[in-house]
Each structure stands twice: as C-alpha cells, then as structure tokens.
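Structure record follows, encoded as structure tokens.
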Amino acid sequence: QVQLVESGGGLVQAGDSLRLSCLASGSSYSLRAKGWFRQAPGKEREFVAAVNWSGGATVYANSVKDRFTISRDNAKNTVYLQMNSLEPEDTAIYYCAARSSTIATMSVSDYAYWGQGTQVTVSS
C-alpha cells in the first residue's frame with residue numbers, strides 16, 4: 001500500500017513558477033515509478049510527467065515539455081514537479097500517482113495509487 005500527499009499548489013499569474021511536492025509512504029517507495037497528472041473542470045484527467053524508480057528516465061506531455069521538470073528524492077520519499085512559465089491553460093487539480101513498476105509510463109490506467117490532488121490556478 002502507498003499513500004501520497006501533494007502540496008505546493010496555489011494561485012499565480014501567467015509566467016510565474018510553482019513547485020509541487022508529493023510525499024509518499026508505504027512499501028517499496030523507491031522502486032515505484034511516479035507520475036503527475038492533472039484534471040481541469042469538465043475535462044478528463046491527463047498525463048503531465050513521469051519519472052522512473054531511480055530518477056534517471058523521465059517523460060513529459062508535449063504541452064509541458066521545456067517548461068516543467070519532474071524529479072525525485074528517494075531519501076526523502078518525495079517527488080517534485082517544477083513548473084515554470086505557467087499559462088492559464090495549466091489551471092487544474094494536479095495529482096501525484098505511483099505504479100507497481102519501476103518504469104515510467106503515460107497512461108492513467110497504469111497507476112494504482114493516487115493522492116487527493118492540489119489546486120493550481122494561473123490567472124492571465
């Protein structure tokens with residue numbers, strides 16, 4: 001079992017930066033790939049970024065590539081999402097997720113464990 005708690009969301013202006021954190025507890029944390037997803041009102045949950053168990057491999061959605069950076073610190077049981085050059089289109093609830101595999105993937109259905117989410121609102 002894995003428990004995930006996100007933090008770091010807030011209200012910012014376009015062009016600003018935010019860093020989200022996801023603190024995990026439970027079994028085999030360091031061996032699990034982690035991902036960030038987001039869901040805007042009236043839209044389906046979508047992939048943002050993912051990192052493999054070691055932090056050596058990452059994958060990003062095209063919409064955030066070159067603006068967002070995912071990283072992890074296994075000693076602190078934490079995964080981060082650094083978000084730069086934020087746009088109003090980035091407004092959503094951001095969810096941290098973990099899967100029972102070391103490999104980072106982009107599919108919502110690959111992730112069995114989810115946090116409750118943190119709201120990010122970007123004003124124009």
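Computed from a predicted structure; not experimentally measured.
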Indicate the atoms forming the closest heavy-atom contact of A98 with K34, along with that distance. CB-CD, 3.6 Å
Which residues satisfy the salt bridge (charged side-chain N to carboxylate O under 4.0 Å, His left out) test with E87, sequence neighbours excluded? R67
If every non-hydrogen atom of R72 is compared with every non-hydrogen atom of A33, which pair is closest and at what distance? NH1-CA, 4.0 Å
Side-chain heavy atoms of Y95 within contact of R45, under 4.5 Å: yes
Under 4.5 Å between any side-chain heavy atoms of S17 and Q82, yes or no? yes
Would T102 and N52 count as having a side-chain donor-acceptor pair, cut-off 3.5 Å? no
Which value, rounded to the nearest 0.5 Å, describes the distance between S25 atom OG and Q3 atom CD? 4.0 Å
Mind checking the OG1-CG spacing from T69 to N84? Nearest 0.5 Å is all I need. 6.5 Å
Take N77 and L23 through the test side-chain contact (heavy atoms from CB on, under 4.5 Å) and record every step on the way to the result. CA-CA 6 Å; N77 288 357; L23 178 62; 4.3 Å; yes
Going only through I, L, V, M, F, W and Y residues with side-chain contacts under 4.5 Å, is there a path from L18 to V79? yes
For residues 116-124, which side-chain N or O atoms pair as donor and acceptor with protein atoms under 3.5 Å away, sequence neighbours left out?
unit_1 : atom_1 : unit_2 : atom_2 : d
T118   : OG1    : G9     : N      : 3.2
Q119   : NE2    : A92    : O      : 3.4
Q119   : NE2    : T121   : OG1    : 3.3
S123   : OG     : V12    : O      : 3.3

Straight-line distance of S63 OG to F68 CZ, nearest 0.5 Å: 7.5 Å
Pair F47 + F37: ring centers closer than 6.0 Å: yes
Would you confirm whether Y60, through its side chain, and I70, through its main-chain N or O, come within 3.5 Å as a donor-acceptor pair? yes
Out of curiosity, does V59 fall in the hydrophobic cluster containing V108 (side-chain heavy atoms, cut-off under 4.5 Å, transitive links)? yes
Can you tell if the side chain of S100 reaches within under 4.5 Å of the side chain of Y113, non-hydrogen atoms only? yes
Test log, rule side-chain contact (heavy atoms from CB on, under 4.5 Å), inputs D90 and R38: CA-CA 9 Å; D90 296 316; R38 66 187 182 187; 2.9 Å; yes
We want to know whether S107 and T105 form a side-chain donor-acceptor pair, criterion being a heavy-atom distance below 3.5 angstrom. no
Decide whether Y111 and R99 meet the rule of one side-chain donor and one side-chain acceptor closer than 3.5 Å. no
N74 side chain to G55 main-chain N or O, any donor-acceptor pair under 3.5 Å? no
Nearest heavy-atom approach of L81 to W36 is CB-NE1, 3.5 Å
In this structure, would L86 and L20 fall into the same cluster of hydrophobic residues linked by side-chain contacts under 4.5 Å? yes
